[in-house]
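Below is one structure, written out as structure tokens; the observations come after it.
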2 protein chains.
Amino acid sequence: MTERAGSRGVVAAALRLFDERGFEATTMDDVAVAAGVSRSTLFRRFGSKDDVVFADQEELVESVRALLDASHGDPVAAVRAAAHAVLRAYTSRPEVALRRYRLVRAHAALRDRELAMTARYQALFTQHLSRGYGDPRRLLAAEVLAAAVIAAHNHVLRAWLRDPGEGGPSPAARLEEALEFVVAGRAAPPGGSGGPVPAGGGEVLVAVYPAGASGEEVLARVRAALGGAP
Amino acid sequence: MTERAGSRGVVAAALRLFDERGFEATTMDDVAVAAGVSRSTLFRRFGSKDDVVFADQEELVESVRALLDASHGDPVAAVRAAAHAVLRAYTSRPEVALRRYRLVRAHAALRDRELAMTARYQALFTQHLSRGYGDPRRLLAAEVLAAAVIAAHNHVLRAWLRDPGEGGPSPAARLEEALEFVVAGRAAPPGGSGGPVPAGGGEVLVAVYPAGASGEEVLARVRAALGGAP
DNA sequence: CCGAGTATGACACTGCGTATCAGGAAAAGG
DNA sequence: CCTTTTCCTGATACGCAGTGTCATACTCGG
């Protein structure tokens, strides 16, 4: 690793070009010329064109991994702290975050790439939440909670990206509120039902019965649900 | 549309080649020759090499969208039914699902592509759960619940893909249990033992049908599923 | 039998990504 | 101070995905 600063400059130049001319309209040769390096070096350092855009994100993922690995207390608390750390990494450099947000929103390929990035955070969270548990029940709980935390984080982050200057609570405060909501387990909106699955309004029928029930019993109940068909 | 069956055959030939020789080792020319069409036609029909692998998944996404659009009852119930429909689409054709599972696991590019696919389901769920609500609180709830449902579905699906012949409850039953866990809102595992998860001791029958089907048709299919009871 | 719309195939072209080789700068070693 | 080794860079060539264009065959309606 000769100089990390060099890569920073390359990334900056690339993002500027992508922003001005469009992502696919800019070739790697253009970036090479603008950054003052060869195309070979570009691919050698970043691997692919997409990776130039997400170079610093990669570092962020690694720092989150380190953060979780170093934590010793409550896993849920550690994951919450990690979510805050990620959000702070965005909000602390609004120009960078907003430029990439515009870029990613405009190009489907980059959107997919960012999804993959998010999935890596989610995998880290899941792994940390299910540490040492072989129990599949716990694994389910870990996966669901990780997904919920990621969703909450992305909700707050997107809101901030859409309107960074908006008044009201800080992003961190909003995230804390959202995480509280998640951990409180109110995944179902208060108005909704949430109970066992009823028959759908008329388009779909979902029936769940213990298999202990006899065939005739099941048939009878389905018939009843259908409105007493013969 | 001349013949949809033609595309099916092309996909089958392509998947076979990808499976045998590897994904990136197989060129689109190879696929074209094996499928008996030109490379031009291949790109015209599927758009990209990845899309050949996920062609039928695309149809599944559309059917889920249609399912949700057509539903009128409780949004949460509709989303649960949709998750069941997706799972069933996999488990009803084990050979196809398992071959693609092997393929996707082996190649990073396809993994990312599948993540994008999952994200589309999640977006559909979110959209349906937050119908008509401008309230950001509701939007957060919808996003979190959608993410949790997806996580539960993927948990069950992955377990089945890893070991399709495993004994115990059916995939549908496992999903129902997992969804119950999600909707019950106990995302965070308490320190205690089992938790409030319903004891899914016995088998359960889960049936999902479009309501376009007549009552008799539904009864007939349930009867058939029960083993041809009179 | 004939035109309109359409699916197909053939061909050329751009650009990403990889592999290989040569040259030069920095370190290692005497 | 000079040599050897190592590593980074740049240049060239190549494979292949994906796009655009044009000519041909096929279908449908008149």
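Just so it is clear: chains get the letters A, B, ... in the order the sequence lines come, proteins before strands, and each one is counted from 1.
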- [ ] Check step by step if side-chain contact (heavy atoms from CB on, under 4.5 Å) holds for B/D56 and B/V96.
- [x] CA-CA 10 Å; B/D56 51 340; B/V96 179; 4.1 Å; yes
- [ ] Count the heavy atoms of every other residue, nucleotide or ligand shown that sit under 6.0 Å from CZ of B/R105, and state whether that count exceeds 12.
- [x] no
Open item on the list: Closer than 4.0 angstrom, basic N to acidic O: yes or no for A/R111 and A/E114?
Closed with: no
Task: side-chain N/O B/T41 vs C/dG9 OP1/OP2, d < 4.0 Å - done: yes
Open item on the list: Assess whether a salt bridge exists between B/R174 and B/E177, defined as any Lys/Arg side-chain N lying under 4.0 Å from an Asp/Glu carboxylate O.
Closed with: no
Task: Gap between atom CD of A/Q127 and atom CG of A/L68 - 0.5 Å precision - done: 9.0 Å
- [ ] May I ask you to say whether B/R80 pairs ionically with B/E176, meaning some side-chain N is under 4.0 Å from a carboxylate O?
- [x] yes
Task: Contact state string [nucleotides 13-21 of chain C, B base, S sugar-phosphate only, - no protein heavy atom under 4.0 Å] - done: --SBBB---
- [ ] Go through residues 101-108 of chain B and report each residue with a non-hydrogen atom lying under 4.0 Å from DNA chain C, sorted by number.
- [x] none
Open item on the list: Taking A/E58 first and then A/R45, would you say they form a salt bridge - that is, a charged N and a carboxylate O separated by under 4.0 Å?
Closed with: no
TODO: Run the salt-bridge test on A/D112 and B/R120 with the 4.0 Å N-O cut-off and return the result as yes or no.
DONE: no
